[in-house]
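Here the structure comes first, spelled out in structure tokens, and everything after it is commentary.
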Amino acid sequence: MSTIPRHRLLLYGLVVAAGLVVWWQVRSPRVPTSPASAPATRSPTLGVPMTAPVVAGARPLLTPAERDPFAAAAPPAVAVPAAPVVVPAPAPVVVAVPSPNLVFQGQVTAPDGQRLVFASLNEVTLQLKEGQALPNGYVVKAISADAVELSHPPTNTSARLELPAAPSYEVR
């Protein structure tokens, strides 16, 4: 006994279904439309006359919309009082105090008793004297046995360069 393959069975079913659809379309009566009996209206968007089919129990024609449902509706304008503008106070100007960048190189006491101090600033050796203005903006205020007092006039600050103690020599 031979069996029909499954794909052939599906193919036969599709052919029968297509035949039924065609038969149904041919058999169903057409609804006659009469342009004389239908009220002629104009399409609001296209401007062409529209006619309504005359069918028992048919829905009435749609009326044109009052507004476009897809357009964004603008909300009514509401007057908002302007907020007062607050201007922040300017930030205080902070002037950075430059570091002296002085490196002690040595000191000597001259025969007349004056102390001479040598320091380097950016690889340049300077002899420091009281009242001397340095290239970095500092002024030598005083030279004592243990430190050199410096002042920076633009920022009204002071700095100190510590001097090492004099070496002690052993006498026999």
Side-chain angles (χ1 to χ4, degrees), residues 5-7 10-11 13-14 17-18 21 39-53 58-172:
R6 186 176 266 179
H7 59 48
L10 288 174
L11 181 64
L14 286 174
V21 168
T41 59
R42 293 207 167 265
S43 169
T45 57
L46 301 176
V48 294
M50 297 186 328
T51 58
R59 296 188 317 182
L61 283 177
L62 295 176
T63 59
E66 295 177 9
R67 67 173 186 84
D68 184 7
F70 300 105
V78 177
V80 178
V85 178
V86 178
V87 178
V93 179
V94 178
V95 179
V97 178
S99 64
N101 291 336
L102 287 174
V103 179
F104 175 76
Q105 295 296 321
Q107 61 183 342
V108 175
T109 305
D112 60 354
Q114 182 182 8
R115 174 170 281 169
L116 302 176
V117 177
F118 297 95
S120 64
L121 174 66
N122 299 329
E123 299 182 12
V124 176
T125 304
L126 302 170
Q127 179 183 349
L128 302 180
K129 298 177 185 171
E130 289 187 24
Q132 176 186 5
L134 301 178
N136 60 1
Y138 280 90
V139 176
V140 178
K141 200 167 162 186
I143 298 175
S144 65
D146 60 341
V148 175
E149 298 291 327
L150 303 168
S151 68
H152 192 256
T155 58
N156 199 22
T157 57
S158 62
R160 187 176 168 111
L161 176 64
E162 298 291 331
L163 301 178
S168 61
Y169 296 105
E170 184 176 321
V171 179
R172 291 190 184 196

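Please read these numbers as outputs of a predicted model, since none were measured by experiment.
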Can you name the closest pair of heavy atoms from Leu126 and Pro135 and give their distance? CD1-CD, 4.1 Å

Taking all non-hydrogen atoms of both residues, which atom of Gly137 and which atom of Pro153 are closest, and how far apart? O-CD, 3.6 Å

Would you please name every residue forming a side-chain contact (heavy atoms from CB on, under 4.5 Å) with Leu11, sequence neighbours left out? none

With sequence neighbours excluded, residues passing side-chain contact (heavy atoms from CB on, under 4.5 Å) with Asn156: none

Tell me which donor-acceptor pairs under 3.5 Å the side chains of residues 141-149 have, and how far apart each pair is, sequence neighbours excluded?
| unit_1 | atom_1 | unit_2 | atom_2 | d |
| --- | --- | --- | --- | --- |
| Ser144 | OG | Asp146 | OD1 | 2.9 |
| Ser144 | OG | Ala147 | N | 3.3 |
| Ser144 | OG | Ala147 | O | 3.0 |
| Asp146 | OD2 | Arg160 | NH2 | 3.4 |
| Glu149 | OE2 | Arg160 | NH1 | 2.6 |

Once ring-ring contact (aromatic ring centres under 6.0 Å, His included) is applied, what residue pairs with a partner in residues 131-150 remain, sequence neighbours excluded? Tyr138-His152

By the side-chain hydrogen bond (donor to acceptor under 3.5 Å, both in side chains) test, which pairs, at least two apart or in different chains, include something from residues 123-136? none

Got a list of side-chain donor-acceptor pairs under 3.5 Å for residues 101-114, not counting sequence neighbours?
| unit_1 | atom_1 | unit_2 | atom_2 | d |
| --- | --- | --- | --- | --- |
| Asn101 | OD1 | Ser99 | OG | 2.8 |
| Gln105 | NE2 | Ser120 | OG | 3.0 |
| Asp112 | OD1 | Gln114 | N | 3.2 |

Side chain to side chain contact (heavy atoms under 4.5 Å, CB included), that's the test. Do Leu134 and Val139 meet it? Break it down for me. CA-CA 6 Å; Leu134 301 178; Val139 176; over 6 Å; no

Taking only residues at least two apart or on different chains, which pairs with a member in residues 62-86 satisfy salt bridge (Lys or Arg N to Asp or Glu O under 4.0 Å)? none

